[in-house]
Asks: 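So that we are looking at the same thing, I have put the structure below in structure tokens.
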Number of protein chains: 2
Amino acid sequence: MAEGRCLEAGERWTAPRKRVFELLLQAGAPVKAYDLIADYGHGQDRGVAKPPTIYRALDFLSGMGLVHRIPSLNAYVACAVDEAVHSASFLICDCCGSAEEFDPKVEPVVRAQAEHLGFRPTAMALEVRGLCRACA
Amino acid sequence: MAEGRCLEAGERWTAPRKRVFELLLQAGAPVKAYDLIADYGHGQDRGVAKPPTIYRALDFLSGMGLVHRIPSLNAYVACAVDEAVHSASFLICDCCGSAEEFDPKVEPVVRAQAEHLGFRPTAMALEVRGLCRACA
DNA sequence: GAAGTTATGTGATATTATAACGTCGCGTCA
DNA sequence: TGACGCGACGTTATAATATCACATAACTTC
Ligand SMILES: [Zn+2]
Ligand SMILES: [Zn+2]
Ligand SMILES: [Zn+2]
Ligand SMILES: [Zn+2]
């Protein structure tokens, strides 16, 4: 679980981190930062959140591998797998906006290609655009 | 050449399109939209350009396959190959900011994986982060 | 050259993200 | 316990990126 992984790493599981992660889990889809800001205080006695609060939480969660940023959407999504921090790949539906995390199993090949070109890879991100099963 | 490809397609090779493409070619590296805006008028008698001018040119050039957007950098780069519109992959150096277009040769595999999951792909983008040969 | 279409110019505004700085909470150690 | 140090948070402001809306200009076709 997220909190455990966080505490094991000696990091604090604070209210904003918890709340942002919770919102992303509930959404089960990519969410924009300003939607998180808007939804942050809905329900309970939580106060409002301003941009730095959300962006700091997102940075932290990304660093922990609990959340991925999808650059082409300017959106953030809870990680779908229980793994250490990893490079994520997504199938992004242009119709409904869903983003399914999947493993294309090409990392070793790509890494080899890159190194053959004199490049030393540290991470990679693959985004496949198209139509999901439901929208096709 | 870019102009030819454009005219063959029945599109106009206008001043903003030409100038923006020229700037990207000269840079030979990813350039941010607002840097294009700033540089647009440098030299000659060209006037100034405002955001819509640059973004429209970038949209057009992307559509023609002459320019790629690199989402994780919010930057744009002239295409390095003479091919019809295609999905581009980049080796992006975190040190010097260079972005080399390369062909990882994994498109068919990824496409098959995606389709096996019920997804119908239309395009894909791969970004590999790391250190280029010069910076390693 | 008049009409229809496409592209551009311009001002305003929307969206996304970060800077700067003070305060709070928590762990540490005298 | 209480002073300190450090990391996280709250708040205001602003930077950086991108789009809307509408008027004007250029090109195409007839
Ligand atoms: Zn993941
Ligand atoms: Zn869909
Ligand atoms: Zn290309
Ligand atoms: Zn480099």
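Every chain is numbered from 1, with letters handed out A, B, ... down the list of sequences.
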Asks: Say you draw a straight line from NE2 of H86(A) to CE of M124(A); how long is it, rounded to the nearest 0.5 Å?
Replies: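 Between H86(A) NE2 and M124(A) CE, I get 13.0 Å after rounding to 0.5 Å.
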Asks: How long is the gap from CE on M64(A) to CD on E8(A), to the nearest 0.5 Å?
Replies: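 Those atoms lie 8.5 Å apart.
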Asks: Do any N or O atoms of the protein come closer than 3.5 Å to N or O atoms of nucleotides 25-30 of chain D, and which pairs are they?
Replies:
none

Asks: Rounded off to whole Å, could you give me the CD-to-P distance for the E11(A) and dC26(C) pair?
Replies: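 Computing the E11(A):CD to dC26(C):P distance gives 16 Å.
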Asks: Counting only heavy atoms and a strict 4.0 angstrom limit, can you tell me which residues of residues 94-101 of chain B come near DNA chain D?
Replies: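 Listed by number, there are none.
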Asks: If I take atom CD1 in residue I37(A) and atom C1' in nucleotide dC9(D), what distance separates them, rounded to the nearest angstrom?
Replies: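 Between C1' of dC9(D) and CD1 of I37(A): 15 Å.
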Asks: Donor-acceptor pairs are to be reported for all side-chain atoms of residues 12-24 of chain B against protein atoms at under 3.5 Å, with residues two or more places apart or in another chain.
Replies:
| unit_1 | atom_1 | unit_2 | atom_2 | d |
| --- | --- | --- | --- | --- |
| R17(B) | NH1 | R12(B) | O | 2.7 |
| R19(B) | NE | Y40(B) | O | 2.7 |
| R19(B) | NH1 | E22(B) | OE1 | 2.8 |
| R19(B) | NH2 | D39(B) | O | 3.1 |
| R19(B) | NH2 | Y40(B) | O | 3.1 |
| R19(B) | NH2 | H42(B) | O | 3.1 |

Asks: Atom OH in Y55(B), atom CG in L36(B): separation rounded to 0.5 Å?
Replies: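 If I round to the nearest 0.5 Å, the distance is 9.0 Å.
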Asks: Are the side chains of E101(B) and V77(B) in contact, using a 4.5 Å heavy-atom criterion?
Replies: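 V77(B) vs E101(B): side chains apart.
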Asks: Taking for each residue the nucleotide of DNA chain C with the nearest heavy atom, is it R17(B) or K50(B) whose nucleotide lies nearer the 5' end?
Replies: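 Its nearest nucleotide lies further toward 5', so the answer is R17(B).
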Asks: Distance check: side-chain N/O of T53(B) vs OP1/OP2 of dT8(C), anything under 4.0 Å?
Replies: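 Answer is no, no contact under 4.0 Å.
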Asks: Report all side-chain donor-acceptor pairs from residues 125-136 of chain A shorter than 3.5 Å, counting only partners two or more places apart or in another chain.
Replies:
| unit_1 | atom_1 | unit_2 | atom_2 | d |
| --- | --- | --- | --- | --- |
| E127(A) | OE1 | S72(A) | OG | 2.4 |
| R129(A) | NE | D94(A) | OD1 | 3.1 |
| R129(A) | NH1 | S72(A) | OG | 2.9 |
| R129(A) | NH2 | D94(A) | OD1 | 2.9 |
| R133(A) | NH2 | L117(B) | O | 3.3 |

Asks: Could you state the interatomic distance from OH (Y76(A)) to CD1 (I54(A)), rounded to the nearest 0.5 Å?
Replies: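 Between Y76(A) OH and I54(A) CD1, I get 11.0 Å after rounding to 0.5 Å.
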Asks: Under 3.5 Å, which N/O atoms of the protein pair with N/O atoms of nucleotides 15-21 of chain D?
Replies:
| unit_1 | atom_1 | unit_2 | atom_2 | d |
| --- | --- | --- | --- | --- |
| dT17(D) | OP1 | K32(B) | NZ | 2.5 |
| dA18(D) | OP1 | R69(B) | NH1 | 2.5 |
| dA18(D) | OP1 | R69(B) | NH2 | 3.4 |
| dA18(D) | OP2 | Y55(B) | OH | 3.0 |
| dA18(D) | OP2 | Y76(B) | OH | 3.2 |
| dA18(D) | O5' | Y55(B) | OH | 3.4 |
| dA18(D) | N7 | Y34(B) | OH | 2.8 |
| dA18(D) | N6 | Y34(B) | OH | 3.3 |

Asks: Count the heavy atoms of every other residue, nucleotide or ligand shown that sit under 6.0 Å from CZ of R5(B), and state whether that count exceeds 12.
Replies: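 Yes, enclosed.
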Asks: So, K32(A) side chain and L73(A) main chain: donor-acceptor pair closer than 3.5 Å or not?
Replies: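 The answer is yes, because a donor-acceptor pair under 3.5 Å joins these two groups.
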Asks: Rounded to the nearest Å, what distance is computed from the CH2 atom of residue W13(B) to the P atom of nucleotide dA7(C)?
Replies: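 About 14 Å, once rounded to whole Å.
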Asks: Without decimals, in angstroms, what is the distance between I54(A) CD1 and dA17(C) C1'?
Replies: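 That distance rounds to 13 Å.
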Asks: In Å and rounded to the nearest 0.5 Å, what is the CG to CG distance from L66(A) to L25(A)?
Replies: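 Between atom CG of L66(A) and atom CG of L25(A) there are 9.0 Å.
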Asks: If I take atom CG in residue L58(A) and atom P in nucleotide dT16(C), what distance separates them, rounded to the nearest angstrom?
Replies: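 Going from L58(A) (CG) to dT16(C) (P), I get 13 Å.
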Asks: Please identify each residue that fulfils side-chain contact (heavy atoms from CB on, under 4.5 Å) with D59(A), with sequence neighbours left out.
Replies: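 Partners of D59(A) by the side-chain contact (heavy atoms from CB on, under 4.5 Å) criterion come out as none, since no residue qualifies.
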